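Working notes, structure below.
Since the structure is predicted, the reported quantities are computational estimates derived from the model, not experimental observations. In what follows, every chain begins at residue 1, and chains take the letters A, B, ... in the order their sequences are listed.
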Protein chains: 2
Amino acid sequence: MPPRPHPARDLREACVDQALAIIGDVGLEALSIREVARRLGVSHQAPYKHFPSSDHLLAEVVRRTYRQFSEHLEARPRSSHPGEDLKSMGEAYLRFAIDHPLHYRLLFGTPLPDPAAHPEMMAEARRAFQLLHEAIGHLKPPTSETDRQLDALFVWATVHGLATILQTAALDQIGLDKVVLAEALPHALHRIGKALAP
Amino acid sequence: MPPRPHPARDLREACVDQALAIIGDVGLEALSIREVARRLGVSHQAPYKHFPSSDHLLAEVVRRTYRQFSEHLEARPRSSHPGEDLKSMGEAYLRFAIDHPLHYRLLFGTPLPDPAAHPEMMAEARRAFQLLHEAIGHLKPPTSETDRQLDALFVWATVHGLATILQTAALDQIGLDKVVLAEALPHALHRIGKALAP
DNA sequence: TCCTTCAAGTAGACACTGTCAACATATGAA
DNA sequence: TTCATATGTTGACAGTGTCTACTTGAAGGA
């Protein structure tokens with residue numbers, strides 16, 4: 001009788017897993033509560049017993065994706081040299097964006113559910129930014145907290161902007177050399193290094 | 001008899017105008033062909049005589065928005081000093097993002113129609129990038145075309161990333177000081193200046 | 001002048017979506 | 001045992017994009 005110790009929890013988990021699978025396979029556009037239910041062989045209303053609305057399902061999916069993202073950044077090759085460590089992080093950031101384009105777009109390229117209504121989702125986002133913040137903290141000589149935040153924002157913006165731009169299919173049409181695309185991140189990291197130098 | 005010299009053209013234009021109005025008012029989520037038709041007092045199929053699919057309507061809206069964006073950039077205060085001019089452009093870029101958040105998100109924050117299927121849309125996007133490219137060209141001492149493209153990409157990524165991040169409602173929750181938010185662009189532009197210095 | 005042709009708009013249908021309401025069932029506590 | 005609550009099912013409704021079939025009106029050639 002107890003193959004399902006927590007059947008309810010199970011369905012909730014299964015919904016999130018299926019949603020992630022759909023997004024990874026086909027993209028966010030194809031995600032719908034009914035499709036999730038269909039794949040799980042339950043009625044189209046069953047997921048509503050665990051998520052008040054489709055936004056709540058999406059928020060949970062986003063939360064987990066942020067967590068995966070943070071874990072990916074934390075698993076980067078570490079370096080005791082702060083400058084090298086920051087580069088390593090930039091590379092890990094962009095690698096995630098390239099290896100999981102659909103998941104990355106989920107985080108940064110689509111309208112998210114209202115953040116105020118889903119604080120748990122934002123807690124995970126904050127954690128990712130915290131990682132960058134720390135790496136910057138090691139890099140710079142002791143300075144004001146404001147300055148550190150400003151530099152963290154600067155670095156984040158550059159890497160994130162690059163990831164977004166490189167992912168826009170638009171890019172093929174914009175007429176950039178292949179060399180440029182390949183060199184974009186190293187070059188940007190080099191520029192960042194120069195910008196942050198004492 | 002001729003109050004409508006080109007009635008067909010009129011409906012097409014009216015559709016695009018209404019779509020832009022809807023996006024500016026309520027946001028992209030509320031945009032639908034049927035809603036456009038409803039506002040115009042025509043049948044739900046009338047727009048299909050001018051746009052093969054809803055993606056084609058969206059692509060046309062995006063194209064116009066790119067054009068507005070380019071025109072906004074071109075109308076920036078010019079400076080004969082290349083460094084100042086680039087800063088002016090960065091400010092104009094961010095100002096557009098702040099003043100027209102919904103339109104900016106349309107360009108850079110939502111899944112666009114397939115670019116390959118809508119080349120006219122991408123032509124306008126290319127034009128916007130071209131403006132930045134030129135500004136960078138004036139800034140740097142004559143160097144390789146590849147280097148110039150790399151730097152253009154670097155600057156674009158930083159400003160675009162900043163615009164995207166600052167717009168994410170997420171930001172309130174991430175715990176940045178207000179001072180940081182206000183100073184983010186000037187600081188980033190300052191860092192860019194340092195990064196690009198000879 | 002008449003006839004044809006075609007562009008523009010209308011009307012109805014279909015499958016899909018999110019979500020509400022009503023019902024069924026099972027599990028666990030009193 | 002009984003009863004409440006959680007979980008799941010079924011059916012409905014309005015909204016969406018898009019297909020097909022129909023009407024209408026204007027232009028152009030015979």
Side-chain angles (χ1 to χ4, degrees), chain A residues 1-23 25-62 106 110-114 117-118 121, chain B residues 1-23 25-62 106 110-114 117-118 121:
Chain A
M1 162 232 292
R4 307 179 309 170
H6 288 287
R9 177 66 60 89
D10 276 2
L11 180 54
R12 187 187 154 90
E13 296 294 297
C15 284
V16 178
D17 288 347
Q18 278 300 327
L20 278 167
I22 292 173
I23 291 172
D25 284 355
V26 205
L28 180 63
E29 307 76 27
L31 178 62
S32 77
I33 280 207
R34 291 177 103 106
E35 176 62 22
V36 167
R38 208 173 292 127
R39 289 194 180 202
L40 292 173
V42 296
S43 77
H44 66 270
Q45 277 295 339
Y48 278 88
K49 298 298 170 176
H50 304 275
F51 303 95
S53 80
S54 64
D55 260 13
H56 285 77
L57 170 57
L58 182 57
E60 176 63 16
V61 168
V62 169
L106 174 64
T110 53
L112 293 185
D114 179 18
H118 305 277
M121 182 179 82
Chain B
M1 167 228 291
R4 306 179 308 168
H6 289 287
R9 178 67 60 91
D10 275 3
L11 181 53
R12 187 187 155 89
E13 296 295 297
C15 284
V16 178
D17 288 346
Q18 278 300 329
L20 277 166
I22 292 172
I23 290 172
D25 285 355
V26 204
L28 180 62
E29 307 75 27
L31 177 61
S32 76
I33 281 206
R34 291 175 104 109
E35 176 62 23
V36 167
R38 208 172 292 127
R39 289 193 180 202
L40 292 174
V42 296
S43 78
H44 67 271
Q45 277 296 342
Y48 278 89
K49 298 297 169 178
H50 304 276
F51 302 95
S53 80
S54 65
D55 260 12
H56 286 78
L57 170 59
L58 182 57
E60 176 64 14
V61 169
V62 170
L106 174 65
T110 53
L112 294 184
D114 178 18
H118 305 278
M121 182 179 82

For nucleotides 23-26 of chain C, list the nitrogen or oxygen atoms of the protein found under 3.5 Å from its nitrogen or oxygen atoms, one pair per line.
none

*How close do H118(A) and P113(A) get, heavy atom to heavy atom, and via which atoms?*
CD2-CB, 3.6 Å
_Rounding to an integer number of Å, can you tell me how far F51(A) CZ sits from dT17(C) P?_
18 Å
*Quick one: ring pair (Phe, Tyr, Trp, His ring centres under 6.0 Å) partners of H44(A), sequence neighbours excluded?*
none
*How long is the line joining OH of Y48(B) and P of dA21(D), in whole Å?*
17 Å
*Would you mind telling me which of dT16(D), dG8(D), dT17(C) lies closest to the side-chain atoms of L11(A)?*
dG8(D)
*Roughly, in whole Å, what's the span from NE2 in H50(B) to C1' in dG9(C)?*
8 Å
*Roughly, in whole Å, what's the span from CZ in R12(B) to P in dA7(C)?*
16 Å
*asked:* With rounding to the nearest 0.5 angstrom, report the CG to CD distance, L40(B) to E35(B).
replied: 9.5 Å
*Are OP1 or OP2 of dG18(C) and a side-chain N or O of S53(A) less than 4.0 angstrom apart?*
no
_salt bridge (Lys or Arg N to Asp or Glu O under 4.0 Å) pairs, two or more places apart, involving residues 45-59 of chain A_ = none
*Among dT16(D), dT10(C), dA8(C), find the nucleotide with the atom closest to the side chain of E35(B).*
dT16(D)
*D10(B) has an atom CG; how far is it from atom C1' of dA7(C), in whole Å?*
15 Å
*Look up atom CG in L112(A) and atom CG in L106(A), then write down how far apart they are to the nearest 0.5 Å.*
6.5 Å
*Search all heavy atoms of A46(A) against all heavy atoms of L11(A) and return the closest pair with its distance.*
CB-CD2, 4.0 Å
*Nearest-Å distance for atom pair CG/C1', residues L31(A) and dT17(C)*: 12 Å
*Looking only at heavy atoms, what is the nearest atom pair of A37(A) and S43(A), with distance?*
CB-O, 3.3 Å
*Spacing between L58(B) atom CG and dT16(D) atom C1', to the nearest angstrom*: 15 Å
Atom pairs, N/O to N/O, protein against nucleotides 11-16 of chain C, distance under 3.5 Å?
unit_1	atom_1	unit_2	atom_2	d
dG12(C)	O6	H44(B)	NE2	3.1

*asked:* Can you measure L57(B) atom CG to dT18(D) atom P for me and round it to whole angstrom units?
replied: 10 Å
_F51(A): side chain to side chain contact (heavy atoms under 4.5 Å, CB included) partners, not counting sequence neighbours_ = R12(A), C15(A), V16(A), H56(A), L57(A), E60(A)
*Any idea which of dG17(D), dT7(D), dT10(C) is nearest the A46(B) side chain?*
dT10(C)
*Under the salt bridge (Lys or Arg N to Asp or Glu O under 4.0 Å) test, residues paired with R34(A) that sit two or more places apart*: none
